[in-house]
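To keep things clear, I will list the structure first and then write my remarks on it.
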Amino acid sequence: MQDNKSQNVQLTSANGAPVADDNNSISVGARGPLTFDNHYLFEKLAHFNRERLPERVVHARGTGAYGTFTLNKSLTDLTIANFLQSEGQQTPVFVRFSTVGGGQDSSDYARDPRGFAVKFYTQEGNFDLVGNNTPVFFLNDPIKFPDFVHSQKKDARTNLPSPANMFEFWASHPQSLHQMTILMSDRGIPASLRHMHGFGSHTLSFWNQDGERVWVKWHLKTDQGVKTLTAEEAALKPAHGAQQDLVEAIDSGDFPSWTVKLQVMTERQAANFAINPFDLTKVWPHADVPLIEVGKLELNRNVDNYFAETEQATFAPSNLVPGIGASPDKMLQARLLAYQDAHRYRVGAHASHIPVNAPKCPVNHYQRDGAYAGVNAGASACPYGHGSQPEVNFYPNDRANEPKPNASIQAPMMPVLEDAWIGAHSQDEEDYYTQAGDLFRLMSDDQKAQLTNNIAGGLSQANESIQSRMLAQFAKADQAYADGVEALLK
């Protein structure tokens with residue numbers, strides 16, 4: 001390997017040819033125009049024009065770091081997932097934190113949920129736990145997701161933030177009340193990425209060697225303690241302060257960590273549970289489904305290249321491994337398609353070949369061609385995985401020793417409720433108020449004051465119809481909740 005400290009490193013163009021001058025373009029005299037043989041200039045400008053990927057529609061502003069997940073409780077009785085078998089097992093991870101609604105240059109201290117996505121590089125493929133810093137979400141039906149995001153982003157006419165639009169959407173969708181209450185509370189602005197919890201949010205499934213399935217929810221509890229900011233405190237913070245805080249903490253050896261816990265529910269329990277266990281707007285009460293500590297997540301290495309790693313990182317709920325599966329969660333079902341589809345559009349058909357996304361295990365498949373297709377497309381085209389490119393690009397085939405499915409890791413069949421009918425099922429009569437009210441009643445007086453002040457600040461910009469519908473929702477959750485907001489509106 002060339003020693004950069006003792007030898008002069010020669011600058012080259014993209015084709016490897018030496019560059020004679022990187023400060024001056026070729027021109028007709030000192031004051032004349034440029035000539036068409038400035039191919040090195042053209043190469044630099046053309047590459048510059050293509051340096052940005054399309055921005056993520058949501059989760060655009062992100063911060064990433066590497067670390068490890070250490071299992072401290074064997075889960076052999078629950079799952080065949082190989083990274084959850086033996087106490088003390090360590091699995092490398094990459095974690096990306098993000099704000100949700102703003103663009104790449106938005107503030108780290110916006111009142112917004114925070115994305116909390118974990119990529120586990122297991123020996124049987126990558127498992128992506130794609131969640132937020134809240135245990136619930138605004139919606140339980142994905143058909144409303146585009147409308148919801150449109151209402152939270154800048155106004156289509158003015159291109160300015162519009163709290164009125166946000167509350168107009170929420171006024172028509174009581175399913176958002178629980179998450180909106182969290183967002184407008186003191187937890188709506190984390191003080192740092194290290195001082196917030198993480199949640200898988202969705203209900204996933206485990207199955208064991210006997211084909212027995214259980215439903216699970218993932219919780220990542222910060223070991224640094226939860227710290228939050230008021231709106232006034234957040235306004236004084238530098239826009240990218242949370243990213244700086246995480247980078248500097250890891251660089252200095254102050255590695256943040258999270259205690260990983262699970263909630264586990266049997267299929268029988270789920271069938272008789274008081275609430276829909278697959279409704280993303282609701283939590284599983286800990287009194288009914290207690291948390292079980294299973295491991296520790298630690299972040300201990302920053303990225304070397306923000307664009308190549310954090311920006312090109314792709315996470316998807318469909319990145320599952322044997323022993324971990326999906327559930328009837330409707331939002332999860334849609335995201336099994338939507339996330340991977342977004343990555344193919346944004347990064348390319350072979351986004352999984354980029355090192356930060358590449359599995360660290362053998363990869364063998366029959367998918368070929370498209371952007372970023374390397375020589376070993378169909379096998380792992382990255383420095384981590386191993387594989388041999390199949391001779392053909394179809395299966396089944398008559399060639400010997402080509403990739404074949406493994407029936408032994410087939411997931412058990414998903415149960416379907418008796419007398420279920422296919423159609424559009426209204427959820428208008430669902431109870432979206434009890435858990436929001438329970439949360440309100442858990443708050444201290446100061447937390448309640450912050451909540452009602454934050455809501456009133458935005459709701460005051462909406463019309464009377466929207467205000468009335470929102471106050472009616474608050475009253476169904478807790479009359480004191482409605483009274484507090486209404487007093488401030490008056």
Side-chain angles (χ1 to χ4, degrees), residues 62-76 79-98 115-131 193-194 198-200 204 206 218-224 246-247 249-262 293-324 339 343 347 351-364 379-387:
T63 303
Y66 295 94
T68 55
F69 167 70
T70 303
L71 186 71
N72 60 25
K73 175 182 172 60
S74 172
L75 300 178
T76 305
T79 177
I80 63 171
N82 67 6
F83 74 107
L84 299 175
Q85 298 302 298
S86 303
E87 184 177 334
Q89 267 184 282
Q90 286 199 329
T91 303
V93 300
F94 181 76
V95 176
R96 186 178 186 272
F97 304 102
S98 56
F116 197 125
V118 185
K119 186 180 295 293
F120 296 81
Y121 300 101
T122 88
Q123 295 175 7
E124 288 188 326
N126 291 349
F127 165 54
D128 288 355
L129 184 66
V130 185
L193 302 172
R194 298 179 295 125
F199 302 88
L204 297 177
F206 282 173
W218 290 73
H219 299 247
L220 300 94
K221 301 293 190 177
T222 175
D223 295 326
Q224 292 70 237
L246 183 66
V247 170
I250 294 175
D251 277 347
S252 68
D254 183 11
F255 302 144
S257 64
W258 288 259
T259 299
V260 181
K261 301 183 179 184
L262 299 176
E293 183 176 335
V294 300
K296 185 77 71 176
L297 176 76
E298 179 187 84
L299 298 182
N300 49 36
R301 180 166 66 89
N302 282 312
V303 301
D304 294 319
N305 183 309
Y306 179 87
F307 181 86
E309 295 163 278
T310 305
E311 182 60 23
Q312 291 195 124
T314 61
F315 296 84
S318 54
N319 285 341
L320 299 165
V321 294
I324 303 179
Y339 276 58
H343 302 325
V347 185
S352 61
H353 292 179
I354 297 170
V356 69
N357 301 319
K360 301 186 180 184
C361 67
V363 177
N364 301 289
S380 177
C382 71
Y384 301 117
H386 310 281

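Distance check, rounded to the nearest 0.5 Å: OG1 of T122 to CD1 of I324 gives 8.0 Å. With rounding to the nearest 0.5 Å, the separation of OG1 in T222 from CG in L193 is 10.5 Å. Between the OG1 atom in T310 and the CG atom in D304 there is a gap of 10.0 Å [rounded to 0.5 Å]. L75 CG to I80 CD1: the interatomic distance, rounded to the nearest 0.5 Å, is 13.0 Å.
Within 6.0 Å of CD on E293 lie more than 12 heavy atoms contributed by other residues, nucleotides or ligands.
In this structure, the salt bridge (charged side-chain N to carboxylate O under 4.0 Å, His left out) partners of E311, at least two apart in sequence or on a different chain, are R56, R346.
Side-chain polar atoms of T70 and Q90 form a donor-acceptor pair below 3.5 angstrom.
Between K221 and K261, the shortest heavy-atom contact is CG-CD, 4.4 Å. The two residues F116 and G198 make their nearest non-hydrogen contact at CD1-CA, 3.5 Å.
Looking at Y121, its side chain never comes within 3.5 Å of a backbone N or O of A358 through a donor-acceptor pair.
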Exercise. N126 and N357: side-chain contact (heavy atoms from CB on, under 4.5 Å), yes or no, with the steps?
Worked result: CA-CA 8 Å; N126 291 349; N357 301 319; 5.5 Å; no
For this session: Take Y66 and V93 through the side-chain contact (heavy atoms from CB on, under 4.5 Å) test and state the conclusion after the steps.
Result: CA-CA 6 Å; Y66 295 94; V93 300; over 6 Å; no
Exercise. Going through the checks in order, is the side-chain contact (heavy atoms from CB on, under 4.5 Å) test met by F83 and V321?
Worked result: CA-CA 10 Å; F83 74 107; V321 294; 4.2 Å; yes
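F69 pairs with exactly one of F127, F94, F120, W258 by the ring pair (Phe, Tyr, Trp, His ring centres under 6.0 Å) rule, that one being F120.
With contacts defined as side-chain heavy-atom distances shorter than 4.5 Å, the pair F255/D223 does not qualify.
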